[in-house]
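Every chain is numbered from 1, with letters handed out A, B, ... down the list of sequences.
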Amino acid sequence: MTRPGTGPAWTADELMEVNAARALAGARTCFVGIGLPSTAANLARRTANPGLVLVYESGAIGARPSRLPQSIGDGELADTADAVVSVPELFNYWLQPGRIDVGFLGAAQLDRHANINTTLVRTAPGRPDLRLPGAGGAPEIAAHCGEVLVVLRHTRRGLVPALDFVTSIGHGTGPGSRTRLGLPGRGPTAVITDLGILRPAPDTAELTLTDVHPGATPAQARAATGWDLRTAPVVRTTPEPTAAELAALRALKAGGAA
Amino acid sequence: MTRPGTGPAWTADELMEVNAARALAGARTCFVGIGLPSTAANLARRTANPGLVLVYESGAIGARPSRLPQSIGDGELADTADAVVSVPELFNYWLQPGRIDVGFLGAAQLDRHANINTTLVRTAPGRPDLRLPGAGGAPEIAAHCGEVLVVLRHTRRGLVPALDFVTSIGHGTGPGSRTRLGLPGRGPTAVITDLGILRPAPDTAELTLTDVHPGATPAQARAATGWDLRTAPVVRTTPEPTAAELAALRALKAGGAA
Amino acid sequence: MAEILTLRDAVAGLVHDGDTVAMEGFTHLIPFAAAHEVIRRGATDLTLVRMTPDLIYDQLIGAGLVRKLVFSWGGNPGVGSLHRFRDAVENGWPRPLEVEEHSHAGMANRYAAGAAGLPFAVLRGYRGTGLAARTPTVAPVTCPFTGEELAAVAAVNPDVAVVHAQQADRAGNVQFWGLTGVQKEAVLAARRSLVTVEEVVDELRPRPGAVVLPGWAVTAVAEVPGGAHPSYAAGYSVRDNAYYRDWDALSRDRAGFAAWLAEHVRGGAPR
Amino acid sequence: MAEILTLRDAVAGLVHDGDTVAMEGFTHLIPFAAAHEVIRRGATDLTLVRMTPDLIYDQLIGAGLVRKLVFSWGGNPGVGSLHRFRDAVENGWPRPLEVEEHSHAGMANRYAAGAAGLPFAVLRGYRGTGLAARTPTVAPVTCPFTGEELAAVAAVNPDVAVVHAQQADRAGNVQFWGLTGVQKEAVLAARRSLVTVEEVVDELRPRPGAVVLPGWAVTAVAEVPGGAHPSYAAGYSVRDNAYYRDWDALSRDRAGFAAWLAEHVRGGAPR
């Protein structure tokens, strides 16, 4: 999806990252996991939302890293944070009571109700499951943040008809699931992929393609989804990344100060 | 009980304080309340036990005040402490798991099993109860410290046949009470008054007069006790305060550095 | 972000009749000035929560603004009784005072549960004492793994927490150090919070032992130098021990207290 | 008071076959040198507890010393999988690995309960996930005040906790700062504890954000400069990100791992 030599050019990953950052425009606080969520959240601080408060599960509250942290425990997170607290305090006093507006999660597998698996993947019968890293902070991020954004690359291996394991709950089996489970947050409000954006339909809570990125098509998205992906009546195209967005993103990934 | 002009002279309170400090000789850590316990614990650090670690419920661990704190929240406690922690942490991580060897408590009323009342005193029928300060840290100090020392002046109003309210548990109704209640510490091992020392009898856990201070007699102690006070077969006399003990105590109370 | 307000506006906006209010500070950093502004304003029918009611609540109780007191130790530290508290409990003057009484460990855990957004906390406490039987916010809970019975205490979530800190910056980030008590928990447990500070500074310099509350977790900040007097703010002031001692005589007598209140609080200038 | 020992003597005295061992450090201050000494010593049949197993447990698992792993996130942060961990889980190499799996919030609370001497902790967690059903140390508990059902997690009380800190003084008082993770809880929850430090100093200078563990709450201290490598010790070293990246290729292959282990750990000098 790069368009070398034809003016603005970007990769599919950059589209995903830029749109993930844009999704943070209205947030005050964001709970950040490492990887794509960290890239997006740090980009948001440089573009759509300079005042965004980043909360890392390593205990850094209000971190302002000058470069992309290599891990959630990067030393610069502590050095630049408004406050550093212990890990138990972070989960108990800051995440659990619903103080964080947006939780940003990745996923190995995601189903149509935005439930997430990061624990294991079943292979052929008689073969051992593939072991993934596991839950980390995700189950409680998914439960307690005001809303959840999910970022992952759009593939049939990732967007699956049924999870092999439910690590973190999205919309459960559909409308009412979160209420029945007593989950305080609204759950996933957008899944941002390298092809577009999926959002839960208001009536069914089923992920529906609402946006494609420039150069991508609904057909591509459907083909890359493991279930019969519904599309919104009008599928929008996300605005092209601006030069400022791309410059900030690339500086961030190159380790440059911003 | 002062003996002015006849060599060593001391007050009854000083005998109580000096003997309370001596009782801390073997302790590593002591949970200190304000008032007599604080005087005794700080005196112990200047005499019998220079390495004694003082833990104050205000969160100061290992405080080394140069003068007697005016309150458990005295600024010098934080300034001289090895560590300062929050009040919830102090109770949860430091007191509750049994890390403190000796708890030092005062009492408004004490019964023969060394149960303590600091909550209210009943007066005449139809008259309101007299209101005392209440529990503070005492119920959990009494439960969780390795052992408990109680310091109070020896009067029939203080050493009573029955408490008007059980604020902090000593030996309950006698042997086995603490085990049945699941109280991890050994409970009160000595009650140090201005007349002598009472210790729970091994078979009954009933407070028994084991020592009198110089100049006091078992008869005086019995007369100042609200129940029929038993005395040990041999009642010892506590050693007279040494010149060093008295000097340290008086310097402490005068606010001098030590 | 916390709004930086005058004490008068902050109290007017945050403390209402009938509120449950927690003013915390464990001997250190007690928000006396804010309490006096509450008295001037006359917010009444308050439920006051505090581990150690201290002189600050003795004054509010004596002023007749308090319906109920939730606490764990109600004395004048190092001096003796709180006479206005006793007069209210023993004689119902100037109005009857309902009390809900805990141990320190229980109160600390009630705040911690409140801060954590949980309905209760667990401790190994209250065993063999008379407190649990008469305090409805203590109940038994059984460990599902060991079968041990422990004490559950109900979370406390005040309408307003009021604390005093040494410093805030202009974005309302708050820093306090020294004995930090249970103030972080009180602020995080409360629906609204007011932090009075010795000083609003351009930048908070990190300090050993400091607690930092980000401005987005605080409702309002008011600059009130000396706002902890007669308690103290480490680095700014020392405890006025004479005030505590003198309070004993001054507050024994209803008329003496009323005169003090009229002169020193109601007659005091709003800040 | 903590004894100040060589790393070799400390590990020999504190870590035994069959022990439950928690080596903590949340990305920062991971006690790699102590883990390597455990490998050299060959203490085996260990149950390892750690929120983020990281390379440190990948190495112990690959060395065949681990019977069971209790954890919440088992990856190479920012890089990918832990191949020795996966090989043990998926293929039982070099021996089968039992796993007990939690969320971070659950693990953090298990340590906190352990530190508090309680048999369990309460959180609003695990709802709707597959974790509770297959993890026996998660169970429902009902709030006695509201009737809400919450998750109880069993306390974890390791036989030994091993952590790395920046400094200790000669009395064994320990200070660490920066991201302080769950190390205080791990040490306080454990029956015995070993703290490796960058430096033993004459006096600990109070630092912003520092956690201080008094020497009487620690069993042993060993001076091991660089003992957190390839993780880091704020103020002393930076994270060796290349090591983490290189581990991915190096550890994919059993023979490559074995060669690394022989050369860099078993062949390394005891400290």
Side-chain angles (χ1 to χ4, degrees), chain B residues 34-35 38 56-60 69-75 77-79 81 83-92 95-97 115 117-120 127-144 163 165-170 172 177-178 180-184, chain C residues 25-30 51-52 71-78 80-82 85-86 88-92 99 101-109 111-112 115 121 123-131 148-149 177-185 209 211 231-232 234-235 238-239 241 244:
Chain B
I34 208 63
S38 180
Y56 283 82
E57 66 193 8
S58 50
Q70 291 281 342
S71 84
I72 54 161
D74 201 278
L77 298 179
D79 294 345
V84 178
V85 302
S86 75
V87 167
E89 177 178 329
L90 200 279
F91 282 98
N92 289 346
L95 178 62
Q96 184 167 262
N115 303 300
N117 173 18
T118 56
T119 299
L120 58 85
R127 300 267 307 168
D129 299 337
L130 295 182
R131 177 69 228 194
L132 304 176
E140 284 78 22
I141 294 171
H144 297 296
L163 301 184
F165 187 89
V166 182
T167 312
S168 303
I169 193 85
S177 275
R178 290 187 68 88
R180 280 193 299 279
L181 288 165
L183 298 171
Chain C
F26 206 86
T27 309
H28 178 213
L29 294 173
I30 304 179
M51 294 183 66
T52 56
F71 77 109
S72 39
W73 192 84
N76 179 342
S81 288
L82 294 175
F85 160 62
R86 289 188 58 173
V89 172
E90 296 173 5
N91 309 308
V99 298
E101 198 166 351
H102 281 265
S103 68
H104 276 351
M107 281 300 293
N109 276 291
Y111 278 120
L123 69 157
R124 193 179 282 110
Y126 297 95
R127 286 177 178 172
T129 80
L131 288 165
E148 181 181 359
E149 188 177 284
W177 62 87
L179 297 168
T180 53
V182 74
Q183 289 98 297
K184 175 186 276 191
E185 285 77 11
V211 169
S231 84
Y232 71 105
V238 294
R239 192 167 184 269
N241 291 315
Y244 278 82

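- At a 4.5 Å heavy-atom cutoff, C:M107 makes no contact with chain B through either its backbone or its side chain.
- Residue contact with chain B, scored on non-hydrogen atoms closer than 4.5 Å, is absent for C:A234.
- The backbone N or O of B:G75 sits nowhere less than 3.5 Å from a side-chain atom of C:R239 that would complete a donor-acceptor pair.
- Looking only at distances, no side-chain donor or acceptor of B:Q96 sits under 3.5 Å from a matching main-chain atom of C:L123.
- Annotation: maximal heavy-atom pairing with chain B below 4.5 Å, among C:Q183, C:H28, C:E101, occurs at C:E101.
- Interface summary for chain B: among C:G75, C:G125, C:G209, C:G74, the most heavy-atom pairs under 4.5 angstrom belong to C:G74.
- Residues satisfying the side-chain hydrogen bond (donor to acceptor under 3.5 Å, both in side chains) test with B:S168, not counting sequence neighbours, are none.
- C:Y111 does not touch chain B: none of its heavy atoms, backbone or side chain, sits under 4.5 Å away.
- The closest donor-acceptor contact from the side chain of C:R86 to the backbone of B:R131 lies under 3.5 Å.
- Residue C:N76: no heavy atom, backbone or side chain, is found under 4.5 Å from chain B.
- If you measure heavy-atom distances from B:N92 to chain C, the contacts under 4.5 Å come from the side chain alone.
- If you measure heavy-atom distances from C:E90 to chain B, the contacts under 4.5 Å come from both the backbone and the side chain.
- Under the side-chain contact (heavy atoms from CB on, under 4.5 Å) criterion, C:S231 pairs with C:I30, C:F32, C:A228, C:Y244, not counting sequence neighbours.
- Closest approach of B:V84 and C:G178 over heavy atoms only: CG1-O, 3.6 Å.
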